[in-house]
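Please read all numbers here as calculations on a predicted model, not as lab measurements. The figures that follow rest on heavy atoms only: side chains count, while hydrogens, waters and symmetry mates do not. Atoms within a ligand are numbered from 1 in the order they appear, just like the ligands themselves.
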Amino acid sequence: MQSSVFKGKKIILGVTGCIAAYKATLIIRSLIKLGAEVKVVMTPSATEFITPLTLSVLSHNNVIIHTFPGQQNTAQLSTWHIDLALWADLVLVAPCTVNTVSKIACGFADNALTSVVLARRSPMVISPAADVDMYEKPVIQENFAKLEKQGIFIIRADEGELASGLHGRGRLPEIDKILKACELVFLGYKKDLTGKDILVTACPTYEDIDPVRFLGNRSSGKMGYEIAKAACLRGANVTLISGPSNETAFDEVKLVNVRTADDMLLNVKKSLEANSYLIMAAAVADFKPAKAASSKMKKENNFSEIKLTETEDILASIDKKGKKVIGFALETDNELSNAKKKLEKKNLDMIVLNSLQDKGSGFEYDTNKITIIKKGDKAESFPLMTKFEAANIILTQLLNL
Ligand code: CTP
């Protein structure tokens with residue numbers, strides 16, 4: 001992951017007692033790699049799953065477990081929880097048992113971690129993990145909602161096989177998702193897309209010439225995947241129609257894999273009804289071989305005579321009634337006027353322009369420099385930023401359409 005927002009940030013990592021506690025090691029390493037300083041506070045039951053020494057070595061700091069530090073001079077240390085809480089730019093509790101979730105929701109301060117949480121002034125991210133029946137209990141869901149109302153960022157647990165052998169929601173998400181949630185909070189975003197149904201497309205499409213060769217383009221799909229991730233973290237129900245890609249989508253994203261422009265068109269039409277927004281970030285092929293050869297073409301075949309036909313323009317052909325539709329334009333020349341033409345011709349609500357002339361922008365980069373043009377509005381250009389930051393700007397603009 002690439003992000004500069006963690007550089008120099010002071011983060012308290014709260015670790016609680018569940019089997020996923022070992023993943024705290026990976027969280028600490030990632031945060032430190034991104035330039036953050038990490039101090040760990042464990043609940044006593046977390047120490048049954050992972051040793052404080054491990055987390056202390058990895059975080060390069062002493063680990064706090066007890067509210068009252070035994071033989072030490074408690075008179076001097078009596079306000080340690082306040083001092084530590086005020087030191088932090090962010091408190092992240094991961095994994096957080098549903099027991100600790102409930103304690104935090106009720107304002108308990110019965111151990112070192114809950115005391116720090118109560119004393120904090122910084123934003124907080126909680127990544128709960130539990131067995132499915134514990135996680136899904138209405139009282140726990142109510143506590144999540146209560147904390148969210150107070151501005152605490154709750155990362156929804158993943159669904160899958162659990163340590164108990166049961167299957168369901170309760171798994172601690174991948175580290176990337178936890179880090180992205182922290183990044184989102186540092187960037188100042190909230191769960192403001194809750195209840196929105198957003199359809200995103202990403203990646204190139206591949207148009208087969210024969211069983212071995214295809215026509216494609218250099219799109220990596222990163223921009224579309226980052227939009228899907230950001231929208232999902234901000235609470236939206238996201239469907240991602242993806243062409244061939246090496247990117248990974250979040251567990252919560254409904255992923256539809258396609259290969260060709262025809263497949264993409266079919267699936268966009270199928271999924272659009274259930275969605276209010278379409279963000280068409282895919283680099284759909286404009287041409288396809290008129291007929292794919294059923295066996296491998298040999299050199300003797302005349303490749304220069306492969307007949308191409310135009311693919312259908314998805315944005316131009318869908319029924320946009322009642323939908324807000326965002327397109328992309330990747331240009332090399334006359335960028336602004338070409339993008340404006342596409343906005344009008346394809347009857348879009350907004351278009352996001354990328355120029356291949358901008359350094360660090362376009363294919364394969366983790367960064368992008370975008371210009372946003374809304375229907376009947378002036379163009380607004382943004383500086384070079386990570387594709388995740390750009391994704392969040394696009395989503396905020398979408399809220400104002
Ligand atoms: N698009 C689409 N269907 C296609 C081709 C493109 O829906 N068959 C969408 C893209 O996903 C993008 C927008 O149209 O959101 C603009 O794509 P772009 O390739 O920049 O423009 P084209 O219309 O293909 O024009 P050109 O390639 O000539 O610039």
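Here's the thing with Met280: one of its N/O atoms is less than 3.5 angstrom from an N/O atom of ligand 1. At least one N or O atom of Ile314, backbone or side chain, sits closer than 3.5 Å to an N or O atom of ligand 1.
Dense packing is recorded around NZ of Lys323, with more than 12 heavy atoms of other residues, nucleotides or ligands lying under 6.0 Å away. Under a cut-off of 6.0 angstrom, the local environment of NZ in Lys345 is sparse, with at most 12 non-hydrogen atoms contributed by other residues, nucleotides or ligands.
Ring pair Phe186/Phe6 is perpendicular by interplanar angle, where above 60° counts as perpendicular and below 30° as parallel.
Within 4.0 Å of atom 14 (O) of ligand 1, at least one protein heavy atom is present.
If you number the atoms of ligand 1 from 1 as listed, the ones under 4.0 Å from a heavy atom of Thr311 come out as 8 (N). Residue contact check: Gly327 has heavy atoms under 4.0 Å from atoms 15 (O) of ligand 1.
Compare Val352, Leu315, Asp286, Leu265 by their heavy atoms: the one nearest to atom 27 (O) of ligand 1 is in Asp286. Comparing Lys341, Lys345, Lys342 against atom 29 (O) of ligand 1, the shortest heavy-atom distance belongs to Lys342.
The minimum heavy-atom distance linking Phe382 with Met385 is given by the pair CB-CE, 3.9 Å. Minimum heavy-atom separation, Asn143 to Val101: CB-CG1, 4.1 Å. Summarising the geometry of Val15 relative to Ala46, their closest heavy-atom pair is O-CB, 3.4 Å, with the distance given to 0.1 Å.
Of the protein's non-hydrogen atoms, the one nearest atom 11 (O) of ligand 1 is Ala282 O, 2.7 Å. The nearest protein atom to atom 8 (N) of ligand 1, hydrogens excluded, is given as Glu312 O, 3.1 Å; this is a heavy-atom distance. Atom 16 (C) of ligand 1 has its closest protein heavy atom at Phe328 O, 2.8 Å. Nearest protein neighbour of atom 1 (N) of ligand 1, counting heavy atoms only, is Lys346 NZ, 3.8 Å.
Thr114 and Asn111 share a donor-acceptor pair across their side chains, judged by distance under 3.5 Å alone. Judged by distance alone, the side chains of Tyr225 and Ser242 do bring a donor and an acceptor atom under 3.5 Å apart.
With respect to the salt-bridge test (charged N to carboxylate O, under 4.0 angstrom), the residues Asp349 and Lys320 do not qualify.
Residue contacts with ligand 1, taken as heavy atom pairs separated by less than 4.0 Å, involve Leu330 solely via the backbone atoms N, CA, C and O. At a heavy-atom cutoff of 4.0 Å, ligand 1 is contacted by both the backbone and the side chain of Asp313.
The shortest heavy-atom distance from Met264 to ligand 1 is not under 4.0 Å.
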